Amino acid sequence: LTHHIILQIAQYTGSQVAALYLVEDDQRLTLQGSYALSHQDEREHIGMGEGVVGQCAISKKEILLNDIPPEQLYLSFASGSAKLNSVIAFPVLHEYDILGVVELGTLHAYSKRDLEFMRSVAENIGVAVKSAQNHARLQELLEETQAQTEELQVQHNELETLNAEMEAQTEKLQASEEELKVQQEEL
């Protein structure tokens with residue numbers, strides 16, 4: 001899902017590089033989807049407040065950088081590299097909770113239409129991500145419930161076996177008791 005989302009946004013906006021980070025349980029942002037991103041290992045985890053992505057996550061507001069100095073950001077590709085002109089990071093929210101951040105970079109400035117598009121899809125991405133997370137959580141709970149049901153079935157079977165053994169012992173004791181009564185009467 002995340003790879004599809006980031007690919008569609010990058011292609012629609014003409015971005016040369018893109019990344020989608022999601023907030024993990026430990027409150028770090030983890031790279032979940034990317035487009036033409038180099039050095040992914042270095043950018044796999046970002047702390048809240050670190051860099052543009054981390055600041056965007058904390059503020060829950062879009063950050064747009066235009067006219068980036070030539071020595072700052074470069075897009076690398078097989079035949080060389082080029083300077084990025086604009087970088088934008090926008091928050092992925094669901095009911096005011098930060099779920100993640102999308103970061104895009106381009107060789108040109110983003111148009112007003114691109115910015116409006118990004119703002120409009122941010123909420124939809126939040127809904128999609130939250131739905132996927134809820135679905136995954138439901139799947140975990142279902143598997144946990146199924147495992148518990150299987151364990152209860154095993155315990156039930158063991159109890160039935162023990163119950164059957166106890167009934168057999170009870171019958172043997174009753175038979176022995178009857179024999180003792182008969183032997184006492186004979187004496």
Side-chain angles (χ1 to χ4, degrees), residues 1-140:
L1 175 70
T2 55
H3 291 287
H4 180 72
I5 288 170
I6 206 67
L7 176 66
Q8 293 299 316
I9 293 172
Q11 289 177 345
Y12 186 85
T13 60
S15 297
Q16 282 71 44
V17 64
L20 173 57
Y21 291 88
L22 295 180
V23 178
E24 296 295 324
D25 293 335
D26 61 0
Q27 293 301 301
R28 287 190 310 167
L29 294 152
T30 302
L31 181 65
Q32 297 293 324
S34 65
Y35 175 78
L37 187 65
S38 60
H39 308 293
Q40 286 189 19
D41 293 343
E42 297 170 15
R43 296 180 180 101
E44 189 168 337
H45 301 286
I46 296 177
M48 294 295 225
E50 289 180 16
V52 174
V53 170
Q55 283 299 316
C56 178
I58 285 196
S59 69
K60 299 180 184 178
K61 292 184 178 168
E62 164 189 309
I63 298 174
L64 176 63
L65 305 173
N66 284 318
D67 301 320
I68 298 169
E71 66 279 354
Q72 293 295 317
L73 292 173
Y74 280 87
L75 170 66
S76 63
F77 46 95
S79 59
S81 63
K83 179 187 116 27
L84 291 175
N85 185 46
S86 291
V87 172
I88 186 169
F90 60 91
V92 175
L93 302 170
H94 183 263
E95 297 178 356
Y96 304 106
D97 291 330
I98 186 75
L99 298 180
V101 174
V102 173
E103 183 181 45
L104 304 168
T106 184
L107 300 173
H108 58 81
Y110 285 110
S111 69
K112 215 175 203 181
R113 183 187 68 112
D114 290 336
L115 296 174
E116 287 171 9
F117 169 75
M118 289 178 224
R119 290 176 189 126
S120 70
V121 299
E123 188 175 330
N124 293 337
I125 295 169
V127 170
V129 167
K130 190 64 173 180
S131 294
Q133 289 173 339
N134 287 342
H135 178 74
R137 180 68 181 133
L138 282 173
Q139 189 64 36
E140 287 173 19

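This is a predicted model, so every value here is computed, not measured.
- In this structure the side chain of Tyr12 reaches within 4.5 angstrom of the side chain of Arg113, judged on heavy atoms.
- For the pair Glu24 (side chain) and Thr30 (backbone), a donor-acceptor distance under 3.5 Å is absent.
- Between Ile6 and Gly33, the shortest heavy-atom contact is CG2-C, 3.9 Å.
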query = Do Leu31 and His45 pass the side chain to side chain contact (heavy atoms under 4.5 Å, CB included) test, and can you show the C-alpha distance, the side-chain angles, and the key distance before you say yes or no?
reply = CA-CA 6 Å; Leu31 181 65; His45 301 286; over 6 Å; no
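- Within a 6.0 Å sphere centred on NZ of Lys61, heavy atoms belonging to other residues, nucleotides or ligands number 12 at most.
- Contact of the Glu103 side chain with the Val87 side chain is registered, since non-hydrogen atoms from C-beta on lie closer than 4.5 Å.
- Taking each heavy atom of Ala122 and Pro91 in turn, the nearest pair found is CB-O, 3.6 Å.
- Note that OG of Ser15 is 11.0 Å distant from CG of Leu7, once rounded to the nearest 0.5 Å.
- A donor atom on one side chain and an acceptor atom on the other are not found under 3.5 Å apart for Ser131 and Asn134.
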inquiry  = Please evaluate residues Val23 and Met48 with respect to the criterion side chain to side chain contact (heavy atoms under 4.5 Å, CB included), reporting the C-alpha separation (whole Å), side-chain torsions for both, the decisive distance (0.1 Å), and the verdict.
reply    = CA-CA 9 Å; Val23 178; Met48 294 295 225; 4.0 Å; yes
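- Ile63 is listed as a side-chain neighbour of Gln55, based on a closest heavy-atom distance under 4.5 Å.
- Judged purely by atom type and a 3.5 angstrom limit, Gln16 uses its side chain to pair as donor or acceptor with the backbone of Leu107.
- Proximity of Leu99 to Gln133: side-chain heavy atoms (C-beta onward) are separated by under 4.5 Å at one or more points.
- To the nearest 0.5 angstrom, Tyr21 atom OH is 14.0 Å from Ile98 atom CD1.
- Between the side chain of Gln11 and the backbone N or O of Ile9, no donor-acceptor pair lies under 3.5 Å.
- Contact annotation: the side chain of Leu115 never approaches that of Thr13 to less than 4.5 Å [non-hydrogen atoms, C-beta and beyond].
- Classification of Arg119 and Glu116 as a salt-bridged pair fails, no side-chain N sitting under 4.0 Å from a carboxylate O.
- To the nearest 0.5 Å, atom CD of residue Glu44 and atom CZ of residue Arg28 are 8.5 Å apart.
- Using a 4.5 Å heavy-atom threshold, the side chains of Leu22 and Thr2 count as touching.
- Here the side chain of Ser111 pairs a donor or acceptor atom with the backbone of Asp114 at under 3.5 angstrom.
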query = What do the steps show when you test Val52 against Leu65 for side chain to side chain contact (heavy atoms under 4.5 Å, CB included), and what is the final call?
reply = CA-CA 9 Å; Val52 174; Leu65 305 173; 3.7 Å; yes
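- Within a 6.0 Å sphere centred on CD of Glu123, heavy atoms belonging to other residues, nucleotides or ligands number 12 at most.
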ask   = Can you list the steps and then say if Leu104 with Met118 is a side chain to side chain contact (heavy atoms under 4.5 Å, CB included)?
value = CA-CA 10 Å; Leu104 304 168; Met118 289 178 224; 3.5 Å; yes
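- In this structure, Val101 and Cys56 approach most closely via the heavy-atom pair CG1-SG, 3.9 Å.
- With rounding to the nearest 0.5 angstrom, the CG atom of Leu93 is 12.0 Å from the NZ atom of Lys130.
- At least one side-chain heavy atom of Leu29 sits less than 4.5 Å from a side-chain heavy atom of Val53.
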query = Should Ser86 and Asn66 be marked as a side chain to side chain donor-acceptor pair (under 3.5 Å) after you check the CA-CA gap, both sets of side-chain angles, and the distance that decides it?
reply = CA-CA 5 Å; Ser86 291; Asn66 284 318; 2.5 Å; yes
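- With a 4.5 Å cut-off on side-chain heavy atoms, Ile88 and Glu62 count as touching.
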